[in-house]
Amino acid sequence: MKSFLKKLLTRLTPILGAGAIGVCPLCWIGSASLLTYLGLGALIPVWRWIAFGLIALGAVGFILDYRAHRNPYPLVFLSTGTLLLYVGRYVFLSTWGAWQIWGPGALLIIGAVIYNKHLFRKPLTSPKPTA
C-alpha cells in the first residue's frame with residue numbers, strides 16, 4: 001500500500017506543480033476584472049492571497065518532485081520566477097510597466113513546469129538484439 005501511494009504521489013506531483021500556473025499573480029489582473037464584472041470586486045484582496053496560496057502549493061509539488069527525481073533545477077527556476085513575478089507585480093504595483101521584471105519570471109515558471117514534466121518522462125527502451 002505504501003509503494004502504491006508513493007507511486008501515485010510521484011505521478012500526481014507534476015500536475016500539482018503546474019496547477020498554480022493558471023492562477024499566478026500574472027493572471028491576477030484578468031481575474032480581478034472578471035470578479036469586478038460579476039459584482040464580486042470585494043473579493044479581489046482575498047483573491048490575491050488565494051493566488052499566493054496556489055503558488056505555495058505549486059512549490060510544495062515541486063519539492064515533492066525533487067524527492068522523486070533529485071534534480072533541484074526545476075525548484076530553483078520556480079522559486080526565481082515566483083520571486084520575479086512578485087517583485088514585478090506587487091512591489092512595483094505595475095502590470096505592464098514592470099514587464100521587464102515579471103516577464104522573465106513568467107517564462108522561468110513556465111520553463112520550470114516543462115522541464116519538471118520532462119524529467120518524469122520514461123526513457124525510450126531499445127529492443128534487445130537477438131543472437
Side-chain angles (χ1 to χ4, degrees):
M1 181 70 172
K2 191 173 183 177
S3 67
F4 171 74
L5 289 176
K6 186 175 180 180
K7 187 181 282 189
L8 179 67
L9 187 61
T10 301
R11 289 184 182 184
L12 290 180
T13 49
I15 298 168
L16 180 65
I21 298 301
V23 194
C24 68
L26 180 65
C27 307
W28 185 72
I29 293 298
S31 58
S33 300
L34 178 66
L35 287 173
T36 303
Y37 176 74
L38 296 174
L40 301 172
L43 295 177
I44 292 173
V46 175
W47 184 252
R48 179 178 178 184
W49 290 107
I50 291 172
F52 286 135
L54 289 172
I55 286 176
L57 185 65
V60 168
F62 273 68
I63 290 169
L64 293 174
D65 287 348
Y66 170 74
R67 290 177 51 190
H69 55 62
R70 299 284 185 218
N71 190 339
Y73 292 118
L75 182 60
V76 169
F77 292 156
L78 177 79
S79 301
T80 306
T82 301
L83 180 68
L84 288 172
L85 271 175
Y86 178 79
V87 168
R89 176 63 187 104
Y90 294 114
V91 173
F92 291 115
L93 296 174
S94 173
T95 54
W96 297 110
W99 69 267
Q100 297 93 342
I101 299 171
W102 61 255
L107 292 176
L108 275 174
I109 289 176
I110 292 168
V113 169
I114 292 169
Y115 182 49
N116 192 38
K117 189 67 178 162
H118 175 74
L119 290 174
F120 280 97
R121 281 189 12 205
K122 294 185 181 194
L124 296 174
T125 57
S126 60
K128 294 182 181 180
T130 57

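For the single chain, residues carry numbers from 1 onward in sequence order.
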Output the distance between atom [atom1] ([X]) and atom [atom2] ([Y]), rounded to the nearest 0.5 Å.
X: Leu75; Y: Thr80; atom1: CG; atom2: OG1; result: 9.0 Å
X: Asp65; Y: Leu119; atom1: CG; atom2: CG; result: 8.5 Å
X: Tyr66; Y: Asn71; atom1: OH; atom2: CG; result: 8.5 Å

Quiz prompt | Working for side chain to side chain contact (heavy atoms under 4.5 Å, CB included), residues Lys117 and Ile114 | solution = CA-CA 5 Å; Lys117 189 67 178 162; Ile114 292 169; 5.8 Å; no

Should the ring pair His69 and Phe120 be called parallel, tilted or perpendicular, given that the plane angle runs from 0 to 90° and is split at 30 and 60?
-> perpendicular

Here the pair of heavy atoms bringing Ala112 nearest to Phe62 is O-CE2, 3.7 Å

Are Leu107 and Val87 connected, step by step, through hydrophobic side chains (Ile, Leu, Val, Met, Phe, Trp, Tyr) whose heavy atoms are closer than 4.5 Å?
no

### Query
Can you get from Val76 to Val60 by hopping between Ile, Leu, Val, Met, Phe, Trp and Tyr side chains that sit under 4.5 Å apart?
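No, Val76 and Val60 fall in different hydrophobic clusters.
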
